[in-house]
Amino acid sequence: VGRTRRDMEFFVKDDCGYNNAPKVDGPTANKVCEGDQICITVKGTDETFTPNQTIPDTVDLTWNRGIPGATFKIKDPKAREKEAEFCWKTKVGMARDVAYSFTVTANDNHCPKPAAATKGFRIKVNPRAFSERKYDILKCGYFAFSAVAAVGFKGNPQYKWSVRDSNKFEIKYSTKSSDTMLMPHGGRFYIVHTVNNSDNCPTSYTDPVDYPWPPKVDIATKDTYACYGTTSTLVSRIANAKAPFRYYWTRHRKSTRLN
């Protein structure tokens with residue numbers, strides 16, 4: 001049986017300069033909806049090594065530019081311990097399953113041997129909910145609205161509808177994918193539609209809709225009197241409609257006395 005032995009010597013030398021390493025603090029796991037902006041505050045701190053260290057170190061913060069288009073700004077360049085703001089305005093289409101990442105490094109500029117610390121940050125860009133809306137003018141004063149989730153939608157869509165008149169007063173609220181309602185009158189209405197997903201990245205739409213005024217019939221512009229045994233002619237005046245018309249007249253079989 002063979003055996004080999006090797007001796008090793010370690011020398012511990014106290015020349016670290018009595019220095020504490022700096023720290024990088026900030027939220028490392030983040031999320032944002034595509035199309036939105038996210039801002040993260042990152043702090044670089046350094047604790048003085050007392051009583052050996054009499055002059056506190058000045059911390060510098062830098063980042064690796066890991067996310068193109070983002071900004072990294074030091075709030076107060078003259079401060080001893082720096083604080084930076086990372087901001088990124090995402091675009092629609094940037095959503096993906098893998099998080100974007102970048103790193104921040106803090107350097108304490110300690111003489112003669114500076115210390116440094118690096119921390120990584122992740123940003124998950126979640127998909128935004130989109131839908132396609134459809135509006136239909138039905139017969140007898142009814143109005144229909146419906147929505148279909150956009151292609152590639154993940155999960156079950158959540159819908160909200162708010163039908164408002166020209167004064168922005170809500171006259172109908174619904175959480176269905178499609179619904180109908182009886183319009184109170186013609187004119188311009190505003191349909192506020194919101195669709196949401198499981199990532200809570202909603203999209204709201206405001207669509208103006210001009211609903212036609214329903215036909216209006218007048219047969220007298222003022223009170224009309226007729227003597228018994230005489231003939232009275234009633235002429236209908238039709239507004240908000242196009243000819244040709246079909247007429248249907250009714251009359252009461254019994255007279256009614258009004259007091």
Side-chain angles (χ1 to χ4, degrees), residues 25-42 63 65-73 75 84-102 104 120-138 141-212:
D25 295 317
T28 57
N30 306 270
K31 61 182 179 179
V32 65
C33 298
E34 60 176 344
D36 288 349
Q37 177 174 280
I38 182 173
C39 289
I40 302 172
T41 299
V42 181
W63 75 305
R65 302 181 182 273
I67 299 181
T71 59
F72 187 85
K73 296 182 179 180
K75 294 184 177 181
E85 184 180 52
F86 167 91
C87 285
W88 182 31
K89 180 65 170 67
T90 65
K91 298 179 180 179
V92 174
M94 286 185 168
R96 68 183 191 185
D97 295 332
V98 180
Y100 296 81
S101 63
F102 67 96
V104 176
F121 295 83
R122 304 185 309 276
I123 301 177
K124 175 69 168 58
V125 180
N126 291 323
R128 184 170 293 280
F130 295 103
S131 67
E132 297 179 1
R133 290 93 56 217
K134 182 180 179 182
Y135 306 112
D136 292 303
I137 297 175
L138 306 179
Y142 280 89
F143 177 71
F145 48 88
S146 61
V148 177
V151 177
F153 193 99
K154 295 182 179 180
N156 296 320
Q158 304 163 18
Y159 299 105
K160 291 182 181 179
W161 298 90
S162 177
V163 182
R164 304 174 185 180
D165 61 15
S166 57
N167 295 320
K168 305 299 178 65
F169 180 77
E170 184 177 83
I171 59 176
K172 173 72 173 182
Y173 178 81
S174 176
T175 57
K176 300 178 181 179
S177 60
S178 62
D179 206 345
T180 60
M181 64 174 294
L182 180 63
M183 301 299 282
H185 52 74
R188 170 153 290 192
F189 295 84
Y190 296 91
I191 316 298
V192 181
H193 169 64
T194 302
V195 58
N196 201 355
N197 55 18
S198 57
D199 293 312
N200 195 26
C201 292
T203 298
S204 292
Y205 307 88
T206 299
D207 299 321
V209 173
D210 292 322
Y211 192 83

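Side-chain atoms of N126 do not come within 3.5 Å of backbone N or O of C201 as any donor-acceptor pair. With D165 contributing its side chain and N167 its backbone, the two residues share a donor-acceptor pair below 3.5 Å. Formation of a donor-acceptor pair under 3.5 Å by the E132 side chain with backbone atoms of V148 is not found in this model.
Partner of D36 under the salt bridge (charged side-chain N to carboxylate O under 4.0 Å, His left out) criterion, chosen from K89, K31, R128: R128.
Residues satisfying the salt bridge (Lys or Arg N to Asp or Glu O under 4.0 Å) test with R133, not counting sequence neighbours, are D207. For P212, the side-chain contact (heavy atoms from CB on, under 4.5 Å) partners are I137, not counting sequence neighbours. With sequence neighbours left out, Q158 forms a side-chain contact (heavy atoms from CB on, under 4.5 Å) with N196. Contacts of P68 classified as side-chain contact (heavy atoms from CB on, under 4.5 Å), with partners at least two apart in sequence or in another chain: none. For D199, the salt bridge (Lys or Arg N to Asp or Glu O under 4.0 Å) criterion is met by no residue, not counting sequence neighbours.
No side-chain heavy atom of F130 sits less than 4.5 Å from a side-chain heavy atom of V195. Between I40 and I123 the shortest side-chain heavy-atom distance falls below 4.5 Å. For the pair V104/F86, no side-chain contact is recorded, criterion being any heavy-atom separation below 4.5 Å from C-beta on.
Taking CZ of F121 as the start and CZ of F102 as the end, the distance is 5.5 Å to the nearest 0.5 Å.
Ring geometry, F72 versus W63: the interplanar angle falls under 30°, so the pair is classed parallel (tilted spans 30 to 60°). Aromatic ring orientation, F143 versus Y211: perpendicular (interplanar angle above 60°, classes split at 30° and 60°).
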Show me, pair by pair, the donor-acceptor contacts under 3.5 angstrom made by side chains of residues 181-193, not counting sequence neighbours?
from: R188; atom 1: NE; to: D210; atom 2: OD1; distance (Å): 2.8
from: R188; atom 1: NH2; to: D210; atom 2: OD1; distance (Å): 3.4
from: R188; atom 1: NH2; to: D210; atom 2: OD2; distance (Å): 2.9
from: H193; atom 1: ND1; to: K160; atom 2: O; distance (Å): 3.2
from: H193; atom 1: NE2; to: S131; atom 2: OG; distance (Å): 3.0

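For the residue pair K75 and E85, the shortest heavy atom distance occurs at CE-CB, 4.0 Å. Taking each heavy atom of K154 and N197 in turn, the nearest pair found is O-CB, 4.4 Å.
By the neighbour-count criterion of 12 heavy atoms within 6.0 Å, atom CZ of R122 is sparsely surrounded, having that number or fewer from other residues, nucleotides or ligands. Atom OH of Y142 has 12 or fewer neighbouring heavy atoms from other residues, nucleotides or ligands inside a 6.0 Å radius.
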